[in-house]
Every structure is written in structure tokens, then in C-alpha cells.
Amino acid sequence: MDNPLELTLRLSIALLLGGIIGIEREYRSKDAGFRTHFLVAMGSALFCLVSQYGFGIDLKDSSRVAAQVVSGIGFLGAGTIIFQKNMVRGLTTAAGLWVTAAIGLACGTGMYAAAAITTIMVLVGLEVLHVLIPRTGTTTAMLTFTSTSKESIRRVIKQLKADGVEIHSYELKDRRTSKGEIFEVTLEMKVKRGTPTDRLIEYLDEFDDVTISSME
């Protein structure tokens with residue numbers, strides 16, 4: 001392709017559409033945000049242009065480079081997936097990068113309508129349905145707190161279970177300080193989706209000797 005305007009148009013549209021998805025991820029405070037997504041989309045578009053026009057008219061199979069993008073984007077997606085404390089995170093971000101690469105390939109081939117429709121559908125799936133569809137099922141939450149009394153720890157756990165919280169795992173550590181013995185508790189819980197963290201904090205506020213260390 002010798003038309004620089006057409007090249008610029010395809011790369012710019014890939015940048016724009018990938019960036020739109022990246023902004024949504026940025027709004028959700030994800031590690032892969034605007035810059036990552038627009039780079040993936042624009043890079044995929046460039047790979048597609050190179051596969052189509054970069055090797056001359058004698059190229060028999062112009063889909064080979066594009067096919068490698070589809071499999072190659074996996075390394076970037078895998079880097080966003082984290083397995084920590086029996087929880088898997090980053091799957092949505094990895095899938096978003098994968099579909100962003102597809103959007104970039106579509107822009108590289110000039111399929112602007114398909115790229116735009118896919119971008120809209122991705123945003124609908126990530127944002128609109130997130131609001132419209134009621135949150136059902138359960139999700140995993142991690143809670144770490146300290147206490148100077150084992151009795152308070154037992155009461156906290158009993159109160160959580162009474163409210164329908166399922167304790168998936170339980171870890172108790174104790175350490176001695178100048179102020180006495182302190183117990184550190186880490187709970188992995190199954191809670192209903194949409195359960196506000198303020199509600200969990202209220203449980204612990206009832207105990208004077210319980211201090212929250214972290215909540216995820």
C-alpha cells in the first residue's frame with residue numbers, strides 16, 4: 001500500500017478503538033489501562049498491514065503474520081493473570097487485551113465496521129451489563145485483622161457465619177510484643193457479590209480489641 005493517508009487512517013482507528021477500551025479499564029483501576037490497550041490495538045494493526053503489503057505481491061499467504069498475533073498476544077495476557085491466595089485475578093483484563101488485538105487486526109485489514117461494532121459490544125459487556133444485571137452468586141474476599149483475644153476472634157467468625165458468610169480458609173498467627181500477645185487472623189471468605197465492605201467493617205468495629213489490617 002503506497003497511500004500514507006490510508007495507512008494513517010487504519011492505525012489511527014486502531015489506536016482510537018483500543019484506547020476507548022483502555023480508558024474503561026483505567027477507570028476500573030486495572031494495571032493494563034489506556035496505554036497498554038492502544039499499543040496492543042495499534043501494534044496488531046501494523047502487523048496486519050505488514051503481512052498484507054510488506055512482502056510484495058508474491059506473498060502467497062498474507063494471514064500468517066496475523067495468525068501469529070492471535071497466539072502471540074497470549075504472553076501479554078498471561079502477564080496480567082495473577083494467582084494469589086487461592087484467587088485468580090486478571091482474567092477479564094487478559095481477555096480484553098486479546099479482543100483488543102482482534103480489533104487492531106480488523107482495523108489493519110480495513111474492516112472498520114467490524115472493529116467499531118466489536119468495541120461497542122466490549123464496552124456494553126464490561127460496563128452496561130455490569131450495571132443492569134443484578135449481581136448474583138458469590139465472590140472471594142480476603143480479610144486480615146489483629147486482636148489481643150482469641151475469644152474476640154471466635155465471636156467475629158461466629159458473627160460472620162451467622163450473616164451467611166462462608167469461611168473458606170482460616171490462618172492464625174501469634175506474636176509477642178512489649179504490650180503482650182497479639183493474634184493475626186487471615187480469613188478467605190465467600191461472600192455474596194455486591195456485599196459492601198462497610199458492612200464487614202461494621203462487624204469488627206463492635207470489638208474494641210480488633211483492628212483491621214487489610215481487606216481485598
Side-chain angles (χ1 to χ4, degrees), residues 1-84 87-137 139-140 193-194 216:
M1 179 184 291
D2 296 327
N3 189 346
L5 292 178
E6 180 66 19
L7 288 173
T8 303
L9 177 64
R10 295 189 183 190
L11 293 173
S12 298
I13 292 178
L15 184 155
L16 175 64
L17 298 180
I20 289 174
I21 297 176
I23 290 174
E24 189 278 335
R25 295 284 83 191
E26 197 94 41
Y27 175 74
R28 292 290 178 184
S29 301
K30 303 300 180 180
D31 292 332
F34 171 76
R35 291 178 296 180
T36 302
H37 282 76
F38 95 74
L39 286 173
V40 167
M42 191 169 61
S44 300
L46 181 58
F47 273 122
C48 193
L49 289 170
V50 170
S51 69
Q52 286 182 306
Y53 308 108
F55 302 101
I57 60 175
D58 295 330
L59 183 64
K60 301 299 182 183
D61 187 0
S62 61
S63 65
R64 288 185 178 180
V65 175
Q68 294 304 311
V69 173
V70 175
S71 58
I73 192 63
F75 88 93
L76 192 59
T80 66
I81 300 174
I82 301 173
F83 181 77
Q84 184 180 27
M87 292 187 294
V88 179
R89 298 179 177 179
L91 288 175
T92 301
T93 300
L97 289 172
W98 187 63
V99 75
T100 300
I103 291 171
L105 289 175
C107 292
T109 59
M111 300 175 64
Y112 306 128
I117 292 172
T118 302
T119 301
I120 294 172
M121 293 176 70
V122 169
L123 293 177
V124 168
L126 291 175
E127 285 295 324
V128 179
L129 296 181
H130 179 78
V131 175
L132 295 180
I133 297 179
R135 294 188 175 187
T136 59
T139 186
T140 303
R193 291 186 182 275
E216 302 177 6

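Residue numbers start at 1 and run along the sequence shown. None of these values were measured; they are calculated from a predicted model.
The heavy-atom pair separating L11 from M42 by the smallest distance is CD2-O, 3.8 Å. Residues R10 and T109 approach most closely at NH1-C, 3.6 Å, considering heavy atoms. Nearest heavy atom pair, residue A45 against residue A14, reads CB-CB, 3.7 Å. Shown here for V99 and V122, the closest heavy-atom pair between the two residues is CG1-CG2, 3.9 Å. Of all heavy-atom pairs between A116 and L17, the closest is N-CD1, 3.8 Å.
Here the CG-CG distance, from L15 to L46, works out to 12.0 Å after rounding to the nearest 0.5 Å. Atom CG in L105 sits 11.0 Å away from atom OG1 in T100 (nearest 0.5 Å).
Put simply, the side chain of Y112 reaches to within 4.5 Å of the side chain of L9, judged on heavy atoms.
Each of T119, V40, I20 was evaluated against I103; a single residue qualifies, T119, per the side-chain contact (heavy atoms from CB on, under 4.5 Å) test.
Within 6.0 Å of the CZ atom in F38, the count of heavy atoms belonging to other residues, nucleotides or ligands exceeds 12.
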